[in-house]
Amino acid sequence: MRSFPDEGVRMAVGRRGAWWVAAAVVVPVALAAGAVLWLRPAPAVPTSDAAPPVATTAVTPEPGAPAPARLTAPTAATATPDPAGAAAARQKLVERVAAAPLRFAGESAALTAGTAAAVTEIGALLVAAPEVRVHLVGHTADLPGPEGRALALSQDRARAVAEALIAAGVDSGRVTSEGVGDAGPLATPEASRRVEIVLT
C-alpha cells in the first residue's frame, strides 16, 4: 500500500480516488444501457384499420385438365355492331306501325286501351332499334266551335303518344310531334281521329 507523509493528504486522495473509481464504473455502464435502449426498434402497434392477414393457397390444375375460362365484361371496344339485327328490328317496327293506326275516341286526347297497348309495343320496338327516330302527326275530324280547336286537339293527341313512348323507354331526343288539325281527313270521322307515326 502506498504511504503518504501526511494523514490528511492520504484521506483526501482516498476520497478522490473513490470518486474516480465510481465515475469510471458507473458512467460507462449508464452510457451502454442508454445506447441499447435508444437503438432498440419500437414495437409495432397494430391499428384498427389494418386488415388481418389472409391465407392464400395456390391451386395447381391437374395434368391434362383444361384451363379455367376467363370471364370478361363486354366493352365498347370489344362490342361489334350487328347490322342484320338492327335491320330486322327496323323492319319489324315498320310492319307494326303499318299494322294498326293509333285511334282516339270522340273529342278526346286520352289514349284508349287499344291505343295504349299499341304504343307500348311500338315503344319496345323503338328501344330495340335506337337509330330510328319517330315523328308523330296528330289529326282530328272536323270539329264544331271556334277556329283552332281542331288544331289544339290534334297537337294534344300527338303529345299524348309522344309521352307514352318516352315512358316506354324511348329517348325523348328521338321523338318529335305536331298537330295538323283536320287538314288530313279520311273517309269517316272515326278514321280521322288518329296519330300517324313517321319513321326516319
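This chain uses plain numbering: 1 for the first residue, then up along the sequence.
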| query | Do R159 side-chain atoms and S177 backbone N/O form a donor-acceptor pair below 3.5 Å? | reply | no
| CZ/R96 to CD1/I197 distance, rounded to the nearest 0.5 angstrom? | 8.5 Å
| task | Verify, without hydrogens or angle tests, whether R174 (side chain) and V132 (backbone) share a donor-acceptor contact under 3.5 angstrom. | result | yes
| remark: Heavy-atom closest pair (E178 atom, A158 atom, distance to 0.1 Å) is O-CB, 3.4 Å
| said: Testing the basics here: between V127 and V170, what is the closest heavy-atom pair and its distance to 0.1 Å? | reply: CG2-N, 4.0 Å
| request: Look at the side-chain heavy atoms of Ile, Leu, Val, Met, Phe, Trp and Tyr, link any pair under 4.5 Å apart, and say whether L136 and L102 land in one connected group. | output: yes
| query | At what distance, to the nearest 0.5 angstrom, does CG of L111 lie from CD of E163? | reply | 9.0 Å
| remark: Closest heavy-atom pair, A89 versus A128, reported as atoms and distance to 0.1 Å, is CB-O, 3.9 Å
| field | Option from V175, V198, T200 for which side-chain contact (heavy atoms from CB on, under 4.5 Å) with H135 holds | value | V198
| If you group Ile, Leu, Val, Met, Phe, Trp and Tyr by side-chain heavy-atom gaps below 4.5 Å, do L151 and L143 land in one group? | no
| query | What is the distance from atom CG of L186 to atom CZ of R193, rounded to the nearest 0.5 Å? | reply | 11.5 Å
| Between CD1 of I122 and CG of L165, what distance do you get to the nearest 0.5 Å? | 7.0 Å
| Just by distance, do the side chain of R194 and the backbone of S192 share a donor-acceptor pair under 3.5 Å? | yes
| task | Determine, using the 4.5 Å side-chain heavy-atom cutoff (strictly less than), whether L199 and V195 are members of one ILVMFWY cluster. | result | yes
| message | On a heavy-atom basis, which atom in A109 and which in A160 lie closest, and how many Å separate them? | response | O-CB, 3.5 Å
| message | Is there a side-chain contact (heavy atoms from CB on, under 4.5 Å) between T112 and R103? Walk through the geometry before answering. | response | CA-CA 8 Å; T112 64; R103 304 278 189 212; 5.9 Å; no
| message | Nearest 0.5 Å, please: how far is CZ in R133 from CG in D171? | response | 8.5 Å
| Exam field: side chain S154 to backbone V180, donor-acceptor pair closer than 3.5 Å | yes
